[in-house]
Amino acid sequence: MSLYTYSFVSGKQQDYIDVQYYHDESLLKFYVRVLFHVETQGAPGIVHGGAIASVMDEAMGGVAFLNHMPAVTGNLTLNYHRPLPVETTMYMTATIEKTEGKKVYIAGKMFDGDGVLFAESEGIFVKVPHERIGFTNSK
């Protein structure tokens, strides 16, 4: 993910979301550790749903990209299970479920350190040429 230094979510210009990515290519899975700072709140003390959606979207696109399937979001559905307090370390997984032609089906889950589910997502990502997203070393 270091290729995208100006990403809205993980870019060097923002200080409100601390995010770390870990990739397991053998399982087509992406692991994320994220901390939403107080500046991401919607309701007082609660992380804005858009901030959660942004992190989930980037991680889901990231798992496709790192598995040599650069893709853009075609459809993203999120379910929020409970309010997420700011300044709480959260974890996420993004997993490629299947591919069909240009479509990559990806699922995501965001949970706390005890495994309590806060949000989950499903998305259809559409494969694009490497050059379209600024990466020229296709594999």
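Everything numeric in this text was worked out from a predicted model, so none of it was measured. What you see below is based on every heavy atom in this structure, not just the backbone, and it leaves out hydrogens, waters and symmetry mates.
Nearest heavy atom pair, residue Met69 against residue Ile96, reads CE-CD1, 3.3 Å. Between Ala71 and Phe125, the shortest heavy-atom distance links the atoms CB-CB, 3.7 Å. Across all their heavy atoms, Phe118 and Pro83 have their closest contact at CE2-O, 3.2 Å. Heavy-atom minimum distance, Ala59 versus Ala94: O-CB, 3.8 Å. Smallest separation of non-hydrogen atoms from Thr73 and Leu76: CG2-CB, 3.9 Å.
Atom CD1 of Ile124 sits about 8.0 Å away from atom OG1 of Thr77, to the nearest 0.5 Å. Atom OH of Tyr105 sits about 5.0 Å away from atom NZ of Lys98, to the nearest 0.5 Å. Within the model, atoms CD1 of Ile52 and CG of Leu84 stand 4.5 Å from one another, a figure rounded to the nearest 0.5 Å. Note: Lys103 NZ to Asn75 CG = 9.5 Å, rounded to the nearest 0.5 Å. Summarising the geometry, atom OG1 belonging to Thr99 is positioned 10.5 Å from atom CD1 belonging to Ile106; distances are rounded to the nearest 0.5 Å.
Although no hydrogens or angles enter the test, the distance criterion places no donor-acceptor pair under 3.5 Å between the side chain of Lys127 and the main chain of Val104. Using modelled atom types, no side-chain atom of Asp57 and backbone atom of Ala53 make a donor-acceptor pair closer than 3.5 Å. Between the Asp114 side chain and the Val116 main chain, no donor and acceptor come within less than 3.5 Å of each other.
The hydrophobic cluster containing Tyr91, built from Ile/Leu/Val/Met/Phe/Trp/Tyr side-chain heavy atoms closer than 4.5 Å, also comprises Phe111. Membership of an apolar cluster is not assigned to Leu117, as no side-chain contact below 4.5 Å to another ILVMFWY residue is traced.
Between Tyr21 and Phe30, the two ring planes are parallel [angle under 30°; tilted spans 30° to 60°].
Looking at Val19 and Val32, their side chains come closer than 4.5 Å, going by heavy atoms from C-beta outward.
The hydrophobic cluster containing Val47 does not contain Leu35, counting ILVMFWY residues as joined when their side-chain heavy atoms lie under 4.5 angstrom apart, directly or transitively. Both Val34 and Tyr80 are part of a single hydrophobic cluster, where members link through side-chain heavy atoms under 4.5 Å apart.
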Evaluate the side-chain contact (heavy atoms from CB on, under 4.5 Å) criterion for residues Val55 and Phe36: first the C-alpha distance (whole Å), next the side-chain angles of each, then the deciding distance (0.1 Å), finally the verdict.
CA-CA 10 Å; Val55 169; Phe36 296 96; 3.7 Å; yes
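For the side chain to side chain contact (heavy atoms under 4.5 Å, CB included) with Met92, the lone residue among Lys109, Glu120, Met60 that qualifies is Met60.
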Donor-acceptor pairs are to be reported for all side-chain atoms of residues 39-46 against protein atoms at under 3.5 Å, with residues two or more places apart or in another chain.
residue, atom, partner, partner atom, Å
Thr40, OG1, His37, O, 2.7
Gln41, OE1, Gly45, N, 2.6

